[in-house]
Number of protein chains: 2
Amino acid sequence: MCMQKNNLYKGSLSTIILSLLKEQGKMYGYKITREVEKITSGQMVITEGALYPTLHKLEAKGLLSVEIKKVNNRVRKYYFITEKGKKETVNLLREMKSFIENMEIILNPKLA
Amino acid sequence: MCMQKNNLYKGSLSTIILSLLKEQGKMYGYKITREVEKITSGQMVITEGALYPTLHKLEAKGLLSVEIKKVNNRVRKYYFITEKGKKETVNLLREMKSFIENMEIILNPKLA
DNA sequence: ATTTAATACATAAGAAAGTTAGGTATAGTT
DNA sequence: AACTATACCTAACTTTCTTATGTATTAAAT
């Protein structure tokens, strides 16, 4: 209860999507939103208005590929990471790690 | 050498400024940029184009107050945190902490 | 039987928060 | 005399979200 939803810091969504797909294989958009809510106990919410344009952007950049399937008469677009995407994910994860380390230095000991 | 500069995630700048001023007392804008670069070994760079509008915004919101001093014939605007700012900083730090925890869950074990 | 909720995609308008590129001015260094 | 550092500033632009809305199918509730 009282699961306060925390906003994303802008720029982190691509990293989240790519990392998730690199770890868990192919996934469709709606499932990504469910999965992130589930593993963060509802604290982090990916809105669809942010998600779908980002998926399209990552596909256009060649970091993701898509496979359309019909399940229960409903269309699902399964996204999976490309080789180029895997390489870029390494960079994005390094950046995120560096950001977190720097934040811990700056905000220390306030995060304790 | 090779001090790669990492970009800020948008939304984190106010938290950085408020936390720094809460910890270190009053500081002027230019000093804030120097201080952040120093303590992060040049990895995190606060651009002045981002800094000054944010300081003005935080002052307008009543989270910071300002005191103008002249040092060596140069004007310095010393910002310091207000009571309202201290309360807001607690919330912002909680949000940042939550974000980092959630990122560690989502990206785990990729950040190791 | 009809409404509501969940699933599953999408876009468009607007806000927020940065980057980039400029500007002014003084002091100190090459 | 030119350049670097200090110290402030703004404006145009871009990126990346939020909010609101739309379509369509399936399942559950009233």
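In what follows, chains are A, B, ... by sequence order, proteins preceding strands, each numbered from 1.
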Counting only non-hydrogen atoms, which of residues 71-82 of chain B are less than 4.0 Å from DNA chain C? B:N72, B:N73, B:R74
Rounded to the nearest 0.5 Å, how far does [atom2] of [Y] lie from [atom1] of [X]?
| X | Y | atom1 | atom2 | result |
| --- | --- | --- | --- | --- |
| A:K77 | A:Y52 | NZ | OH | 9.5 Å |
| B:T15 | B:L20 | OG1 | CG | 12.0 Å |
| A:I46 | A:E35 | CD1 | CD | 11.5 Å |
| A:E23 | A:I81 | CD | CD1 | 10.5 Å |
| B:T82 | B:E88 | OG1 | CD | 10.0 Å |

cation_pi(B:R34, B:Y30) dist<6.0 Å, angle<=45: yes
B:Y28 OH to D:dT6 P, straight-line distance once rounded to whole Å: 8 Å
In whole angstrom, give the distance that lies between atom CD of B:E35 and atom P of D:dA5. 18 Å
Using a heavy-atom cut-off of 4.0 Å to chain B, what are the terminal contacting nucleotides of DNA chain C, in 5' to 3' order? C:dA17 to C:dA27
Phosphate oxygens OP1/OP2 of D:dC9: is one of them under 4.0 Å from a side-chain N or O of B:Y52? no
Looking at B:H56, does any N or O in its side chain come under 4.0 Å of the phosphate oxygens OP1/OP2 on D:dT10? yes
Could I get the full list of salt bridge (Lys or Arg N to Asp or Glu O under 4.0 Å) partners for [X], not counting sequence neighbours?
| X | answer |
| --- | --- |
| B:K61 | none |
| A:K84 | none |
| B:K31 | none |

Parallel under 30°, tilted from 30 to 60°, perpendicular over 60°: which one fits the rings of A:F99 and A:Y9? tilted
How does each nucleotide of nucleotides 14-23 of chain D score, in 5' to 3' order, for protein heavy atoms under 4.0 Å: base (B), sugar-phosphate only (S), or none (-)? -BBSBB----
